[in-house]
Novice: 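My questions all concern the structure below.
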Amino acid sequence: MTFKKLTAAAAGACLALSLILSPAAMAADSAQATSQASSDTDLINEVMQYVEKYNLTGADKDALIRAAIDGMVDSLDDPYSQYFSSDESKELQSQLALDYVGIGVQLVYAGNELYIEQVMAGSPAESAGLKRGDTILKINGVKISDIEGDTLSGKADTKVTLLIQRNGTSKTYTVKRSEIAYPSVTGKIVGPKIAYISLNGFTEDSDEEFAAVLKNMRASGMKSMILDLRNNGGGYMDSAYNIASQFIDKGIMMYTADNTGVLTPVTITNGSKMDVPVIILTNEYTASASEALTGALHDNELATVVGTKTFGKARIQSLLDLSDGGLLKLTTERYLTPDKVDFNHIGLTPDIEIKDDAAQIITALQLAGMKSIEAAGDNHILDVNGFAFSGNVGLVKQGGSVYASSRILSALVEGDLTWDAKNKKVIVAAGSGKSFGFSVSSKEALYQNGETYIALNAFKKKFPALAWSYNKTQNRLTVSVKS
């Protein structure tokens, strides 16, 4: 029997593996508890036999065993501990490897719309002709508003039919599902030697993949790095440790404590020193092993964190292989950041708090040294200096005016944004200390679904450095600022 340690953002979510205890140590622990375990097992078997033999409505032995196991685990009142049958454990391993069956798209549900934010290269969706920004109206003939659960996933080689709206025109696409291996690490140079690395999860190979991407970024002359950990729900903790070792030459990655309560430092002694500025992007789905990496780099003063507060999962689970081919996932440790911060159920607070995806990437690029930024897209997609990112520019057309997200505009001019709810006014404070207001009553601003938008003509009058253009044919807005 093997014994593995892991972390998870939530029950059933991505998991993280860190350490393996030796079989000899496990055998010693098992032998010590044999006498007591034998007596306890006899009692469980005795109850099961009575239920099987005398229960009025009958009983299924396998169901009784599963109920007993689930009952034991549920009694721990721990959302991260769970029993997986043999079949369920295979699905778990696929989650760990970021493997799934689908069509290869990343979706966003906003208001009453479901649209495609990203199409994976080489995916069935790309082959079928689906594009970023497409709105999904129906799946297999069913309206989006009437759909429950994930209907895009399914068995490999089966087909799904989508009714898509693009540029005001509707068209039906049929896409064949296939096995998708979601990349755990991607990287590209996005500006004046600025490396953008997206870490989507911590698989068993993520550390090696990260090292290869980092090598390519260095070869391209990387002078700063944006490390995107948004929507990263965790993964193998040993991969997180090895990736942290690419930044920290020597120091503490985190502290752990088991049921004795004794804090033990997890140290890095033979790592590499990161010699460029690093900006980490986080959101509320940055969890578990990705929080461990964020805390390690932040507390070692190696990174500035931009985004929103993280998920808040500072507990480590262990995977135990069982005799039936299943797995027991059991919480065995808690962990703290190098500054001994226990953020469980709280989350890590970023250095610069920004809610909007697009504003986050714009701010990160500015911190990384980008002087001229051009953001383009509509209310579904975002391109920054020609590179695709998650988010959108918040394009709204109303009353003959063109509006953009106030968060985007404020980020472009490096201002501070506030909403005056009493007077229904958007306030942007410039770096000079001056503040400018845009009111809803004057139609200089809009307030829709909890978000604010500013008329571009009104914004340019107060921030002349802004340039903008709108392509009606393509329904594409471009806004830019040069410093």
Side-chain angles (χ1 to χ4, degrees), residues 13-14 95 97-111 113-137 139 144 150-154 160 162-167 171 173 175-190 195-201 203 206 209 213 226-233 235 281-286 290 307-308 356-362 364-365 375-395 405 408 474-477:
C14 232
Q95 287 182 0
L98 299 182
D99 294 336
Y100 71 100
V101 175
I103 64 172
V105 295
Q106 182 174 308
L107 303 177
V108 171
Y109 193 84
E113 276 194 321
L114 179 67
Y115 62 88
I116 298 173
E117 185 176 66
Q118 178 184 346
V119 179
M120 287 181 59
S123 67
E126 183 183 58
S127 299
L130 296 178
K131 297 182 180 297
R132 293 171 63 221
D134 284 350
T135 300
I136 301 177
L137 302 178
I139 300 177
I144 294 302
D150 180 9
T151 56
L152 292 185
S153 300
V160 60
L162 306 177
L163 179 61
I164 296 295
Q165 185 177 67
R166 182 188 303 161
N167 296 329
K171 182 179 178 181
Y173 292 81
V175 190
K176 182 184 287 188
R177 300 180 179 96
S178 69
E179 294 183 358
I180 304 289
Y182 196 72
S184 65
V185 187
T186 56
K188 55 191 175 184
I189 296 293
V190 295
Y196 171 82
I197 300 178
S198 178
L199 187 52
N200 302 306
T203 68
S206 290
E209 293 175 17
V213 169
I226 297 172
L227 178 60
D228 196 340
L229 296 179
R230 294 176 296 181
N231 304 312
N232 184 325
L281 292 175
T282 64
N283 64 8
E284 63 270 32
Y285 303 112
T286 300
S290 56
T308 59
D356 181 78
D357 283 357
Q360 290 167 0
I361 190 64
I362 288 172
L365 288 168
D378 53 23
N379 61 328
H380 287 175
I381 64 173
L382 172 72
D383 294 326
V384 179
N385 288 19
F387 293 94
F389 290 98
S390 63
N392 60 78
V393 296
L395 170 64
S405 163
I408 287 275
Q474 298 178 351
N475 191 39
R476 185 176 176 86
L477 172 66

Novice: If you look only at pairs with a residue in residues 384-395, which of them pass as a salt bridge (charged side-chain N to carboxylate O under 4.0 Å, His left out), with sequence neighbours excluded?
Specialist: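 Counting only pairs at least two positions apart or across chains, no salt bridge (charged side-chain N to carboxylate O under 4.0 Å, His left out) contact touches residues 384-395.
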Novice: What's the separation between atom CG in Leu395 and atom OG in Ser405, rounded to the nearest 0.5 Å?
Specialist: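 Taking CG in Leu395 and OG in Ser405, the distance rounds to 11.0 Å.
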Novice: Quick one, Ile116 with Leu107, criterion side-chain contact (heavy atoms from CB on, under 4.5 Å). Give me CA distance, side-chain angles, the key distance, then yes/no.
Specialist: CA-CA 5 Å; Ile116 298 173; Leu107 303 177; 3.7 Å; yes
Novice: For Asp134, check side chain to side chain donor-acceptor pair (under 3.5 Å) against everything at least two apart and list the hits.
Specialist: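 With neighbours one apart ignored, the set is Arg166.
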Novice: Could you list the residues that satisfy side chain to side chain donor-acceptor pair (under 3.5 Å) with Asn385, not counting sequence neighbours?
Specialist: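 Result, side chain to side chain donor-acceptor pair (under 3.5 Å) vs Asn385: none returned.
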Novice: List in chain and number order the residues that pass salt bridge (charged side-chain N to carboxylate O under 4.0 Å, His left out) with Arg177, two or more places apart in sequence or in another chain; answer none if no residue qualifies.
Specialist: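 Partners of Arg177 by the salt bridge (charged side-chain N to carboxylate O under 4.0 Å, His left out) criterion come out as none, since no residue qualifies.
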Novice: State yes or no: are the ring centers of Tyr196 and Phe387 separated by less than 6.0 Å?
Specialist: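 No, they do not, as the ring centres are separated by 6.0 Å or more.
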Novice: Tell me, please, which residues at least two apart from Gln165 pass side chain to side chain contact (heavy atoms under 4.5 Å, CB included).
Specialist: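 Per chain and number, Gln165 pairs via side chain to side chain contact (heavy atoms under 4.5 Å, CB included) with Thr135, Leu137, Ser170.
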Novice: Between Ile136 and Ile139, what is the shortest heavy-atom contact and its length?
Specialist: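 Answer, listing the atom of Ile136 first, then Ile139: CG2-CG1, 3.8 Å.
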Novice: Compare all side-chain heavy atoms of Pro124 with those of Ile180 and state whether any distance is below 4.5 angstrom.
Specialist: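 SC-SC contact between Pro124 and Ile180 confirmed.
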Novice: Which heavy atom of Val190 sits nearest to which heavy atom of Leu365, and what is that distance?
Specialist: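 Residues Val190 and Leu365, closest heavy atoms: CG2-CD2, 3.7 Å.
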Novice: If we only count heavy atoms from C-beta on, is the Val393 to Leu382 side-chain gap below 4.5 Å?
Specialist: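 Yes, close enough: below the 4.5 Å cut-off.
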Novice: Got a second to check how far Glu284's CD is from Thr282's OG1, nearest 0.5 Å?
Specialist: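 These two atoms lie 9.0 Å from each other.
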Novice: So, the side chain of Asn283 versus the backbone of Gly307: is there a donor-acceptor pair under 3.5 Å, distance only?
Specialist: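 No; judged by distance alone, with no hydrogens or angles, the pair does not exist.
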Novice: Over all heavy atoms of both residues, which pair between Ala125 and Gly104 is shortest? Give the atoms and the distance, please.
Specialist: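 So the two residues come closest at CB-O, 4.2 Å.
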Novice: With a 4.5 Å limit on heavy-atom distance, are the side chains of Leu152 and Leu162 in contact?
Specialist: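 Yes, at least one pair of side-chain atoms sits under 4.5 Å.
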Novice: Residues two or more places apart in sequence or in another chain: which of them pass side chain to side chain contact (heavy atoms under 4.5 Å, CB included) with Ser390?
Specialist: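 Applying side chain to side chain contact (heavy atoms under 4.5 Å, CB included) to Ser390 gives Glu117, Arg230, Asp357.
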Novice: Indicate yes or no: at least one non-hydrogen side-chain atom of Val175 is less than 4.5 angstrom from one of Val105.
Specialist: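 They are not in contact (no side-chain heavy atoms under 4.5 Å apart), so the answer is no.
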Novice: Specify the closest pair of heavy atoms between Ile381 and Arg476, including all atoms of both residues, with the distance to one decimal.
Specialist: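 Scanning both residues completely, I find the closest heavy atoms to be CD1-NH1, 4.3 Å.
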Novice: Taking the side chain as every heavy atom from C-beta outward, state whether Ile361 and Leu281 have any pair of such atoms under 4.5 Å apart.
Specialist: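 Contact flag for Ile361/Leu281 side chains = yes.
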Novice: Quick one: list whatever passes side chain to side chain donor-acceptor pair (under 3.5 Å) with Glu113, sequence neighbours left out.
Specialist: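 Here the qualifying residues are His380.
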Novice: Quick one: which residue pairs count as a side-chain hydrogen bond (donor to acceptor under 3.5 Å, both in side chains) with a foot in residues 120-131, not counting sequence neighbours?
Specialist: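 Qualifying pairs: none.
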Novice: Walk me through it: do Asp228 and Phe389 pass the test side-chain contact (heavy atoms from CB on, under 4.5 Å)?
Specialist: CA-CA 11 Å; Asp228 196 340; Phe389 290 98; 5.9 Å; no
Novice: Taking all non-hydrogen atoms of both residues, which atom of Ser184 and which atom of Ser206 are closest, and how far apart?
Specialist: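 The pair with the smallest heavy-atom distance is OG-OG, 3.1 Å.
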Novice: Return the set of residues passing side chain to side chain contact (heavy atoms under 4.5 Å, CB included) with Leu199 (not counting sequence neighbours), or none when no residue passes.
Specialist: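 Counting only residues at least two positions away or on another chain, Leu199 forms a side chain to side chain contact (heavy atoms under 4.5 Å, CB included) with Val185, Phe202, Leu227, Leu229, Asn232, Ile243, Leu293.
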Novice: What are the two closest heavy atoms between Tyr115 and Ala110, and how far apart are they?
Specialist: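 Here Tyr115 and Ala110 meet closest at CE2-CB, 4.1 Å.
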Novice: For the residue pair Met120 and Pro183, establish whether any side-chain heavy-atom pair is separated by less than 4.5 Å.
Specialist: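 Answer yes - side chains close enough.
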Novice: Could you tell me the separation between the CG atom of Asn475 and the CG atom of Asn379, rounded to the nearest 0.5 Å?
Specialist: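 Between Asn475 CG and Asn379 CG, I get 7.0 Å after rounding to 0.5 Å.
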Novice: With sequence neighbours left out, write down each residue that passes side chain to side chain contact (heavy atoms under 4.5 Å, CB included) with Ala359, or none if nothing qualifies.
Specialist: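 So Ala359 forms a side chain to side chain contact (heavy atoms under 4.5 Å, CB included) with Ile354, Asp356, Arg407, Ala411.
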Novice: Does atom CD of Gln106 have more than 12 heavy-atom neighbours, drawn from other residues, nucleotides or ligands, at distances under 6.0 Å?
Specialist: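 More than 12 within 6.0 Å, yes.
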Novice: Using side-chain heavy atoms (C-beta onward) and a distance below 4.5 Å, is Ile144 in contact with Tyr109?
Specialist: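 Sidechains of Tyr109 and Ile144: in contact.
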Novice: List the residues meeting side chain to side chain donor-acceptor pair (under 3.5 Å) with Asp99, not counting sequence neighbours, and say none if there are none.
Specialist: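 Expected list: none.
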